[in-house]
Amino acid sequence: NNMFDLRQSWAQLKGLFIPSKAVEAVFLTDDRLNKLRERRRSVRVEIERPLAARTLDAREFHGYCRDLSREGAAAIIWGNLQVGDQIDLVLSPEAIPIRMPVVVRHASGYRYGMEFCPTDETELDSFLINTCSAAV
């Protein structure tokens, strides 16, 4: 039988070229998506705002915020930040700046995941309210 079995070929190729987690993500069912969402501590809100990332040694990189939650933010930043770096995240640097100290928790290329490090809950609440109000 010379019939070509596409499923078998795909199964062989996916292991060579695509990490299994990426393949699973393409075929997530609604049930699996809901379980993934439940793992997050809080809801993420998509937002696109210009930002500046200021390091403790006074380097400054620019980019934009992609989403934020009560715990942190995801951003595209054109610079070289490392996991563990403490930076000052400044949203809307060209207008009235909204500042928050953060720690870089994830880095993949120019995409960074950051955890907010407020001095108190009032600072965090003010940051989130001002950020969302300015986005409207």
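- In terms of heavy atoms, Leu128 sits closest to Ser69 at CD2-O, 3.9 Å.
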What do the steps show when you test Met100 against Leu124 for side-chain contact (heavy atoms from CB on, under 4.5 Å), and what is the final call? CA-CA 8 Å; Met100 173 61 65; Leu124 178 59; 4.1 Å; yes
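- In this structure, the separation between SG on Cys117 and CD on Gln86 is 6.5 Å, given to the nearest 0.5 Å.
- Between Glu46 and Arg66 there is no salt bridge, since none of the side-chain N atoms of the basic residue sits less than 4.0 Å from a carboxylate O of the acidic one.
- Taking the charged nitrogens against the carboxylate oxygens, Arg70 and Glu121 do have a contact shorter than 4.0 Å, which makes a salt bridge.
- The aromatic rings of Phe127 and Phe116 sit perpendicular to each other, their planes meeting at more than 60°, with 30° as the lower class boundary.
- The heavy-atom pair separating Tyr112 from Leu81 by the smallest distance is OH-N, 3.2 Å.
- Separation of atoms CH2 (Trp78) and CZ (Phe61) is listed at 13.0 Å; rounding is to 0.5 Å.
- Hydrophobic clustering (ILVMFWY, side-chain heavy atoms < 4.5 Å, transitive): Ile77 and Val103 are in distinct clusters.
- Considering all non-hydrogen atoms of both residues, Ala75 and Met114 come closest at CB-CE, 3.5 Å.
- Nearest heavy atoms, Val83 versus Ala107: CG2-N, 3.9 Å.
- Closest approach of Cys65 and Leu68 over heavy atoms only: SG-CD2, 4.3 Å.
- Linking ILVMFWY residues whenever their side-chain heavy atoms come closer than 4.5 Å, directly or via other members, places Leu89 and Ile47 in the same cluster.
- To the nearest 0.5 angstrom, Leu51 atom CG is 11.5 Å from Ile98 atom CD1.
- Contact between Asp120 and Glu123 at its shortest, heavy atoms only, is OD1-N, 2.7 Å.
- Between the side chain of Tyr64 and the main chain of Ile76, no donor-acceptor pair closer than 3.5 Å is present.
- Taking 4.5 Å as the limit, some side-chain heavy atom of Arg54 sits within range of a side-chain heavy atom of Val90.
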